[in-house]
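Take a look at the structure set out below.
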Amino acid sequence: MLLASMLLGACATHPARSGAHPRGDLRLDTESVARVRHASVLGTTTTSAAPLTVASTLARVAPVLLAVLGNHGRVDELEERLEECARQAEYQVNSSLFGNRAPTREECGEELEVDGCGEPITRAMLLGRQKHVIALACAREVLSQLWPAPFSIEQRYRYYRASRFIETISREEEQRLIDQGCTRELWRTIKPDIVLHKDYNLLRAVLILDFKFPCPPTNPAQWKQYGRTSAYSGLNQGEVYKEALGGEVFLLTP
């Protein structure tokens, strides 16, 4: 219980900023922007940066973070605290359901429910959902303290690859589509866990982050591969996120 309490406090080690602030979680805090359903045609201009020798994995993946955050130490802290969010979520869910162990391969693969399309939902999928709730709540707190620009959490986008056209989907519209059950309306959509923006353009990213909780934990953490029936057949999540939003991609895992 003492260890659990310590972990629960991992994301609250720094006092939150007081007062209103024009930056932060655009997905949750500026919902009016999403309701307008911004749309634009993605540009094709790219820039290159000279190789940097840095300690942080995040800084190697997305060197532009150094320009936004100012120095290597801040990038390191951001990476460490987001990874701690993943470890906290893994520990809390596993300890509450399995005690002092991780779920076995057999437990992970057990089919417990079916979705609106009649597809099976495994224990691994349900565990992942629970862990995402905890990890994203923690990440929101971390980003509110450490990221000086806007960010989006679980923002859904509709992306048309052929025309390089992308638009945000409001929370209300997303829920309406989900309530329909099995629907193809979500077929051409993507929903990254975290999108870090450099400015207030919801359609462009500096870095896209996704939490992954392999079950069992001996499985490698990897991007989901889109199947033949998907609008993004032949690609994985990371590739589509990068193409659609223009930022680099990174996996966060326990």
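Computed from a prediction, not measured in an experiment: that's the story for all the values here. Residue indices begin at 1 and follow the sequence shown.
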Atom [atom1] of [X] and atom [atom2] of [Y]: how far apart are they, to the nearest 0.5 Å?
X: Ile166; Y: Arg158; atom1: CD1; atom2: CZ; answer: 11.0 Å
X: Phe250; Y: Glu83; atom1: CZ; atom2: CD; answer: 5.5 Å
X: Arg156; Y: Glu173; atom1: CZ; atom2: CD; answer: 10.0 Å
X: Glu167; Y: Leu203; atom1: CD; atom2: CG; answer: 9.0 Å
X: Asn71; Y: Leu65; atom1: CG; atom2: CG; answer: 12.0 Å
X: Leu69; Y: Glu77; atom1: CG; atom2: CD; answer: 9.5 Å

Fit a plane to each ring of Tyr232 and Tyr226, take the angle between them on a 0 to 90° scale, and name the class: parallel (under 30°), tilted (30 to 60°) or perpendicular (over 60°).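 Answer is perpendicular, since the angle exceeds 60°.
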So, does [X] use its side chain to make a donor-acceptor pair with the main chain of [Y] at under 3.5 Å?
X: Asn236; Y: Lys224; value: no
X: Ser233; Y: Ser230; value: no
X: His197; Y: Arg204; value: yes
X: Glu79; Y: Thr57; value: yes

Closest heavy-atom pair and its distance - [X], [Y]:
X: Thr122; Y: Gly109; value: CG2-O, 4.0 Å
X: Glu239; Y: Gly234; value: OE1-O, 4.4 Å
X: Asp193; Y: His132; value: OD2-NE2, 3.0 Å
X: Pro103; Y: Phe98; value: CB-CZ, 3.6 Å
X: Ala86; Y: Phe213; value: O-CE2, 3.4 Å
X: Pro216; Y: Thr104; value: CB-C, 4.4 Å

For residues [X] and [Y], determine if any side-chain heavy atom of one lies less than 4.5 Å from a side-chain heavy atom of the other.
X: Pro214; Y: Thr253; answer: yes
X: Val195; Y: Tyr241; answer: no
X: Trp147; Y: Leu78; answer: yes
X: Glu84; Y: Val142; answer: no
X: Pro192; Y: Leu209; answer: no
X: Gln130; Y: Ser96; answer: no
X: Leu207; Y: Val64; answer: no
X: Ile194; Y: Glu154; answer: no

I'd like to know whether Arg87 forms a salt bridge (charged side-chain N to carboxylate O under 4.0 Å, His left out) with Glu90, so could you lay out the CA-CA distance, the side-chain angles of the two residues, the decisive distance to 0.1 Å, and finally the verdict. CA-CA 5 Å; Arg87 289 190 290 269; Glu90 179 86 351; over 6 Å; no
Is [Y] reachable from [X] through a run of hydrophobic residues whose side-chain heavy atoms are each under 4.5 Å from the next?
X: Phe211; Y: Val93; value: no
X: Met125; Y: Trp223; value: no
X: Val206; Y: Val61; value: yes
X: Val133; Y: Leu136; value: no
X: Leu127; Y: Tyr91; value: no

Report the C-alpha separation of Ser152 and Leu202 in whole Å, then their side-chain angles, then the decisive distance to 0.1 Å, and conclude whether the side-chain contact (heavy atoms from CB on, under 4.5 Å) test is met. CA-CA 8 Å; Ser152 301; Leu202 276 172; 3.3 Å; yes
side-chain contact (heavy atoms from CB on, under 4.5 Å) for Cys215 and Arg123? Distances and angles first, verdict last. CA-CA 9 Å; Cys215 189; Arg123 187 187 304 275; over 6 Å; no
Ignoring hydrogens and geometry beyond distance, is a side-chain donor-acceptor pair present between Arg81 and Gln145 at under 3.5 Å?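 A pair is found: one side chain offers a donor N or O, the other an acceptor, under 3.5 Å apart.
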Do we see a donor-acceptor contact under 3.5 Å between the side chains of Lys212 and Gln237?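 Yes, Gln237 and Lys212 have a side-chain donor paired with an acceptor closer than 3.5 Å.
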Before giving the answer on side-chain contact (heavy atoms from CB on, under 4.5 Å), spell out for Glu111 and Ile121 the whole-Å C-alpha distance, their side-chain angles and the decisive distance to 0.1 Å. CA-CA 6 Å; Glu111 297 179 2; Ile121 298 175; over 6 Å; no
Any salt bridge between Arg101 and Glu107, counting N to O under 4.0 Å?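 Salt bridge present between Arg101 and Glu107.
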Output, in order, the C-alpha distance, side-chain angles, deciding distance and verdict of side-chain contact (heavy atoms from CB on, under 4.5 Å) for Arg161 and Leu235. CA-CA 12 Å; Arg161 288 197 73 213; Leu235 300 175; 3.4 Å; yes
